[in-house]
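Order of appearance sets the numbers: ligands from 1, and atoms from 1 within every ligand.
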Amino acid sequence: MTQQRAQFATRLGVIATTVGSAVGLGNIWRFPFEAGVHGGGAFLLIDLFFIFIIGVPVVCAEFIIGRHTGLNVRGAFRKLAPGRPWGIVGYLGLLASILILSFYSVVAGWTLEYIWQSLNSFGGVTSVEGLHGQFDSFATSDWRPAMWTIVFLAINYLILARGVQKGIEKMSNIMMPLLFVILVVFCINSLRMPAAAEGLTFLFKPDFSQVTPSVMLGAMGQAFFSLSLGLGCLITYSSYFKKETPLLRTAGIMAWLDTMVAILAGVIIFPAVFTFGMEPAAGPKLVFEILPSIFMHMPGSMMWSVLFFILLFLASLSSTISMSEITIAYMTDEYGFSRRRATAYNIGVAMLLGSVCALSFGSLSGWTVCGLTVFNLFDYVSSNIILPVGGMIISIFVGWVLDRTVVTSELMTPGSGVKPWMVKAVVICLRYIAPTCIGLVFVCGLGLW
Ligand code: PFF
């Protein structure tokens with residue numbers, strides 16, 4: 001059963017790894033394309049509401065459960081509520097983690113293709129149309145996207161099998177600050193583009209006539225996805241936290257940095273979308289078509305392009321590592337698997353499902369369920385259904401069921417600076433606000449009401 005648990009070594013390590021989990025393709029790829037599809041400003045505003053009003057307290061709830069029990073997602077609920085059905089969150093989380101890992105690795109594989117393409121100067125193609133055509137022919141290829149997905153997952157295996165501290169923490173410490181700096185450089189570049197004003201208006205000016213229940217559902221799904229919330233990833237990570245890690249502050253820093261990166265990505269992408277006359281609602285391919293066009297117009301284009309896609313690849317890696325950790329901790333804690341074996345099973349299943357997702361832009365595009373390809377189905381079901389449902393159950397559990405002294409003692413650790421009113425605010429949100437909002441958006445967004 002439970003073995004001696006690893007811990008993150010330093011305070012910086014805790015921040016870097018949780019931010020490393022949160023910041024990834026969700027911010028730089030998914031946020032701009034979802035905002036593009038759902039009308040820009042209004043989507044951003046609802047996303048911010050879900051991140052700060054609902055997200056931060058639910059992140060705290062996951063942290064409280066994880067650190068208090070020091071267990072994986074399934075074990076944590078079994079310990080806190082033995083013989084009761086709350087552990088369902090654990091199973092939902094395990095399912096979501098494998099669905100997300102599968103489609104996420106496809107997009108991470110695209111970043112590898114783009115590192116390769118950048119090194120080859122995109123085969124000499126310089127026109128915007130040419131670059132777009134190149135993405136289409138790559139994404140619809142019969143084998144290339146699947147090959148990169150498998151390569152990406154194999155890299156995950158190598159890192160995960162080395163263990164928590166050595167593998168994840170060292171990498172995140174170096175990579176996250178670098179990513180931030182380079183995003184700021186690209187932002188400045190985009191702000192000097194001819195249609196910068198138009199792009200910024202699209203991103204920041206809310207047009208409430210665009211807000212429909214499905215936009216709200218999309219924004220809620222984006223907030224949960226981006227915070228790695230609702231599937232037990234943060235329960236698992238916080239089981240490696242030290243007793244003195246300040247939970248509320250860590251949740252706040254994580255939400256801020258995560259939001260900053262998404263907004264920076266929007267500020268990079270939308271001025272370029274309007275400058276190059278593209279459609280903001282182009283969907284998953286948006287960012288991959290726009291970015292090379294941006295780099296082409298910068299001095300030293302190849303260097304920027306290589307550097308950016310390497311950082312995007314590393315940001316994806318720190319996120320996929322965190323989602324794999326959910327299953328690995330579960331299999332090692334609950335069934336005594338060795339870390340290597342648990343990792344091999346997890347990555348093996350993701351390779352199979354991921355290959356199907358990878359081909360769903362090409363030869364398997366005809367495989368659809370309710371009009372969604374396998375790739376889109378995995379994304380929709382995990383982000384818009386499982387994560388909010390998981391988040392709702394977690395908030396009800398911590399708000400209503402978990403002993404209040406546990407909540408208070410976990411949040412008010414010495415030196416955390418947390419006041420009793422802050423604990424109260426978190427509890428009120430977990431008891432009333434989060435379940436009501438999530439429930440309403442969910443029921444309306446899915447058209448159940
Ligand atoms: N939050 C990550 C991102 O925005 O890219 C995605 C993610 C990581 C989702 C870990 C879920 C998870 F457990």
Side-chain angles (χ1 to χ4, degrees), residues 16-35 47 50-51 55-56 58-59 62-63 66 72-73 89-90 92-111 152 156 159-160 168 172 175-176 179 183 218-240 251 254-266 284 287 311-330 346 350 378-391 394:
T17 36
T18 34
V19 174
S21 168
V23 172
L25 293 167
N27 312 65
I28 295 167
W29 161 75
R30 199 175 187 280
F31 170 75
F33 100 67
E34 285 280 336
D47 184 36
F50 273 103
I51 288 186
V56 170
V58 184
V59 169
E62 285 209 22
F63 282 171
N72 69 89
V73 60
V89 182
L92 284 176
L94 290 165
L95 174 65
S97 75
I98 197 75
L99 294 182
I100 296 177
L101 183 62
S102 305
F103 79 82
Y104 200 94
S105 299
V106 173
V107 185
W110 295 353
T111 66
F152 176 76
N156 273 262
I159 294 176
L160 281 162
I168 306 172
S172 301
M175 190 199 87
M176 299 314 298
L179 180 67
L183 284 176
M220 178 167 80
Q222 172 61 24
F224 277 80
F225 185 86
S226 195
L227 290 173
S228 312
L229 192 56
L231 73 168
C233 174
L234 302 176
I235 294 182
T236 310
Y237 259 21
S238 53
S239 72
Y240 305 124
M254 176 187 161
W256 264 113
L257 292 177
D258 190 56
T259 305
M260 292 283 294
V261 174
I263 291 181
L264 285 177
V287 174
L311 285 173
L312 190 53
F313 156 72
L314 292 173
S316 323
L317 199 55
S318 59
S319 298
T320 48
I321 282 171
S322 72
M323 56 189 100
S324 297
E325 194 62 32
I326 306 172
T327 338
I328 295 171
Y330 169 72
N346 179 52
F378 281 16
D379 184 4
Y380 190 88
V381 169
S382 53
S383 312
N384 291 2
I385 299 179
I386 304 184
L387 303 193
V389 168
I394 290 168

Q) Mind checking whether Phe152 and Leu317 have side chains closer than 4.5 Å, heavy atoms only? A) yes
(Q) If the criterion is any heavy atom closer than 4.0 Å to an atom of ligand 1, which residues make the list? (A) Ser21, Ala22, Gly24, Leu25, Gly26, Asn27, Tyr104, Phe225, Ser226, Ser228, Leu231, Cys233, Ser319, Ser322, Met323
Q) Aromatic rings Tyr104 and Phe225: how do their planes relate, parallel, tilted or perpendicular, breaks at 30° and 60°? A) tilted
Q.
Is there a side-chain contact between Ile321 and Asn156 in this structure, where contact means two heavy atoms from C-beta onward sitting under 4.5 Å apart?
A. yes
Q | Interatomic spacing from CD1 in Ile98 to CD1 in Ile326 - rounded to 0.5 Å | A | 10.0 Å
Q) Do Leu387 and Ile100 come within less than 4.5 Å of each other through their side chains, counting heavy atoms only? A) yes
Q: Using a 4.5 Å cut-off on heavy atoms from C-beta on, say whether the side chain of Trp29 contacts that of Thr111.
A: no
